[in-house]
> 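I am attaching a structure below and will ask some questions about it afterwards.
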Amino acid sequence: MTDFADLVITGADVWTADPAVRWTDSLAIRSDRVVALGSGTASELVGPRTRVLDAPGSMVVPGFQDAHVHPPFAGRNRLHVWLNDLRGRHAYLDLIAGYARDNPGVPWIIGGGWAMEFFPGGTPRREDLDAVVPDRPVFLMNRDSHGAWVNSKALEIAGISRDTPDPSDGRIERDPHSGEPTGTLHEGAAYGYQDRYLPPPSRADWESAILEAQSHLHSLGITGWQDAWVTPATLEAYRSLALSGHLTARVVGALWWDRHRELEQLDDLLAQREKGAAQGFYPTSVKIMIDGVLENYTGALLEPYCDGCGGHTANRGLSYVERDLLAAAVTELDRHGFQVHMHAIGDRAVRDALDAVQAALRDNGPSDHRHHIAHIQVVQPEDLPRFRALGVVANAQPYWAKMEPQMEELTLPFLGRDRAQLQYPFGDLMRSGATLAMGSDWSVTTANPLEEIEVAVTRVDPMHRANAPFLPEQALPLRVALTAFTAGSAYVNHDEDGGSLKVGCRADLAVLDRNVFTSGGAVADARVDMTVASGKVVYERREEQR
């Protein structure tokens with residue numbers, strides 16, 4: 001007796017990502033597995049209860065996996081004040097005012113997603129928020145989550161004044177004349193405020209936030225991810241959702257390394273790994289944030305920042321974990337079976353990360369932990385071949401690799417001409433033999449893999465395709481970029497079943513409305529018609545949306 005398929009997709013261009021059989025025209029799914037590829041075998045598995053999707057002109061790809069993303073925080077913002085889809089100060093203030101008006105009983109106005117480019121020097125002021133919400137504290141993280149915009153009420157609650165010292169890992173933006181706080185908190189000043197003063201979400205709150213984010217990510221063809229900032233609270237929420245069956249994505253959790261503590265926190269991380277694991281959720285990675293970002297001069301550089309006027313400053317940025325402690329931490333985490341997921345923006349941070357992995361290899365010997373460095377914005381040429389030599393995965397966020405106001409106004413003048421040419425060297429990393437994975441860092445940028453991939457291929461903003469490409473020699477071939485967002489990220493996530501479509505593998509896939517290889521480079525114009533995760537349809541675009 002034939003075991004018929006649950007779903008058969010026919011007539012599409014199926015990109016398997018399997019070098020042995022790169023393309024086929026049909027596939028069949030039974031339960032959570034791919035059971036046939038090619039029309040000859042797939043059609044034989046159509047039974048009376050089989051759903052058949054005839055999809056001529058469409059393209060089927062393995063489910064996208066995001067190797068660096070923040071779903072709980074993005075989902076929470078989407079449920080409160082979501083500024084990511086707006087452009088400009090006035091649009092932000094209109095939405096904030098409307099939210100406050102519609103939610104008079106909410107004691108705190110929280111959310112985020114504002115972009116630095118819309119404010120002089122990248123720093124919004126408290127007076128704007130005071131004008132629309134004078135009676136309640138407002139705390140809004142910016143799009144890259146390295147700073148917060150607060151009103152006077154929020155500053156008052158924390159007792160932040162002209163006499164409040166900056167924390168060691170951050171800065172309170174101040175008026176240059178009076179010294180009074182202006183309403184922007186950078187790095188540790190923002191994180192510290194969030195931890196001390198914002199009401200902590202309940203587990204139910206975090207579960208709602210994760211489900212909101214999961215719904216959005218599934219609509220973009222994403223079937224798995226690595227959460228780059230898992231706290232004890234979000235760990236508990238993920239585990240609860242996994243046990244209840246509501247977590248339909250496959251998720252690796254990167255537990256948060258507390259930069260204010262040292263190696264004694266290892267026992268806590270081991271306990272979290274043991275306690276948090278559940279089918280579909282694997283807290284097997286540890287995230288170490290080594291430095292900040294270039295736009296607020298906290299990214300760690302080997303040589304000082306320029307002053308924007310042709311000179312140099314004395315500032316080389318911040319190292320949140322000093323290099324000797326970083327090497328010791330990576331070595332101990334590696335010894336205990338953790339993967340290490342490192343945030344490194346500046347060239348000094350990247351080098352320190354590579355040196356730390358080298359130390360772990362020297363002390364522990366080779367492993368299959370697949371340590372990776374995310375962001376890799378500025379990399380010195382001599383460090384490029386070290387990724388392959390050390391087995392470190394280059395975890396790229398390609399949407400940043402384009403010319404935009406933030407790059408023109410807040411980055412290039414402070415890097416200088418020579419160092420600016422070293423940004424986002426994805427092409428050089430590919431040519432040096434590094435393994436590439438990709439992620440969005442959502443909600444810092446769009447979560448849409450197709451938009452991310454287009455920038456990786458063109459080095460141009462999909463919204464402004466007439467622009468000149470940014471360092472075009474670092475562009476990637478489409479096949480390489482698509483592989484990085486599927487098989488590359490699955491490799492980082494130790495997901496041997498993901499990233500390709502083979503008979504017997506888990507059925508994770510996305511159905512696109514066109515073949516992106518024949519779209520003339522306009523990859524971001526494609527839309528996801530269906531997403532299948534573990535054999536289940538978790539998203540389907542409605543007819544009226546097509």
Side-chain angles (χ1 to χ4, degrees), residues 67-68 287-294 297-306 316-331 333-334 339-364 366-367 369-398 400-401 411-412 414-439 441 456 459 470-471 473-476 480 484 488 491-492:
H68 183 104
K287 166 73 174 297
I288 302 180
M289 181 171 284
I290 299 175
D291 67 344
V293 294
L294 300 182
Y297 325 122
T298 58
L301 297 177
L302 290 165
E303 299 297 332
Y305 283 87
C306 300
R316 296 194 306 136
L318 297 176
S319 290
Y320 296 138
V321 182
E322 293 298 331
R323 66 185 313 275
D324 290 344
L325 176 57
L326 178 65
V330 172
T331 299
L333 291 167
D334 177 82
Q339 175 187 84
V340 187
H341 180 157
M342 290 168 278
H343 163 119
I345 292 280
D347 53 2
R348 177 158 54 95
V350 172
R351 183 165 295 175
D352 286 352
L354 291 167
D355 288 348
V357 175
Q358 186 170 342
L361 279 170
R362 182 187 63 238
D363 288 2
N364 301 335
S367 73
H369 300 324
R370 305 176 190 180
H371 305 311
H372 48 123
I373 304 176
H375 309 324
I376 46 178
Q377 182 167 351
V378 181
V379 185
Q380 290 294 325
E382 58 266 37
D383 286 324
L384 293 167
R386 299 182 69 199
F387 282 81
R388 179 179 181 179
L390 297 170
V392 174
V393 178
N395 186 341
Q397 284 62 63
W400 302 345
T411 304
L412 296 182
F414 305 99
L415 276 181
R417 183 184 62 185
D418 293 342
R419 205 161 37 189
Q421 302 300 305
L422 304 179
Q423 292 188 87
Y424 304 116
F426 307 148
D428 284 344
L429 284 162
M430 173 194 69
R431 288 182 284 272
S432 71
T435 298
L436 291 172
M438 284 188 180
D441 207 9
R459 307 283 287 203
F470 178 65
L471 304 178
E473 67 275 12
Q474 300 300 342
L476 296 173
V480 173
Y491 174 81
V492 159

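When reading the values below, keep in mind they use all heavy atoms of this one structure, side chains included, and skip hydrogens, waters and symmetry mates.
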> Drop me the distance from Gln423's CD to Asp347's CG, to the nearest 0.5 angstrom.
10.5 Å

> Out of Gln397, Gln377, Gln474, which one pairs with Tyr424 under the side-chain hydrogen bond (donor to acceptor under 3.5 Å, both in side chains) rule?
Gln377

> Within 45° of the ring axis of Phe426 and under 6.0 Å from its six-membered ring centre, is that where the NZ or CZ of Arg459 lies?
yes

> Does Arg351 come within less than 4.0 Å of Glu382, counting only side-chain N to carboxylate O?
yes

> Hey, which of Arg370, His371, His372 is the one that makes side-chain hydrogen bond (donor to acceptor under 3.5 Å, both in side chains) with Gln339?
His372

> Are Val392 and Arg386 close enough that some pair of their side-chain heavy atoms sits under 4.5 Å apart?
no

> List the atom of Val492, the atom of Ala437, and the distance in Å for their closest heavy-atom pair.
CG2-CB, 3.8 Å

> Taking Ile373 as the fixed residue, which of Leu354, Val393, Val379 is the one that meets the side-chain contact (heavy atoms from CB on, under 4.5 Å) rule?
Leu354

> What are the two closest non-hydrogen atoms of Pro425 and Ile376, and how far apart are they?
CD-O, 3.7 Å

> So for atom CD, which belongs to Glu303, do other residues, nucleotides or ligands contribute more than 12 heavy atoms lying within a distance under 6.0 Å?
no

> What's the separation between atom CG in Asn364 and atom CG in Asp334, rounded to the nearest 0.5 Å?
4.5 Å

> Going by ring pair (Phe, Tyr, Trp, His ring centres under 6.0 Å), name the residues that satisfy it together with Tyr305, two or more places apart in sequence or in a different chain.
Tyr297

> Tell me, with the steps shown, if Leu301 and Leu415 meet side chain to side chain contact (heavy atoms under 4.5 Å, CB included).
CA-CA 9 Å; Leu301 297 177; Leu415 276 181; 4.2 Å; yes

> Supply the atom-to-atom distance Asn395 CG to Asp441 CG, rounded to the nearest 0.5 angstrom.
9.0 Å

> Before accepting this row, confirm whether a basic side-chain N of the pair Arg348/Asp291 lies closer than 4.0 Å to the acidic partner's carboxylate O.
no

> Could you pull out the closest heavy-atom pair between Ala327 and Ala359, with the gap in Å?
CB-CB, 4.1 Å

> Just by distance, do the side chain of His343 and the backbone of Ala374 share a donor-acceptor pair under 3.5 Å?
no

> How about His375 and His68: are their ring centres within less than 6.0 Å of each other?
yes

> Tell me, do Met438 and Leu476 make a side-chain contact under 4.5 Å, heavy atoms counted?
yes

> Could you give the distance from CD1 (Ile290) to CG (Leu326), rounded to the nearest 0.5 Å?
4.5 Å

> Enter the distance from Arg362:CZ to Asp355:CG here, rounded to the nearest 0.5 Å.
9.5 Å

> What closest approach, in Å, do Pro366 and Leu361 show between heavy atoms, and which atom pair accounts for it?
CA-CD2, 3.7 Å

> Answer whether the closest heavy-atom distance between the side chains of Leu422 and Gln380 falls below 4.5 Å.
yes

> For Pro304 and Arg419, which heavy atoms make the closest approach, and how far apart are they?
O-NH2, 2.9 Å

> Which atoms form the tightest heavy-atom contact between Phe387 and Ala434, and what is the distance?
CB-CB, 3.9 Å

> To the nearest 0.5 angstrom, please state how far the OG1 atom of Thr298 sits from the CD1 atom of Ile345.
8.5 Å

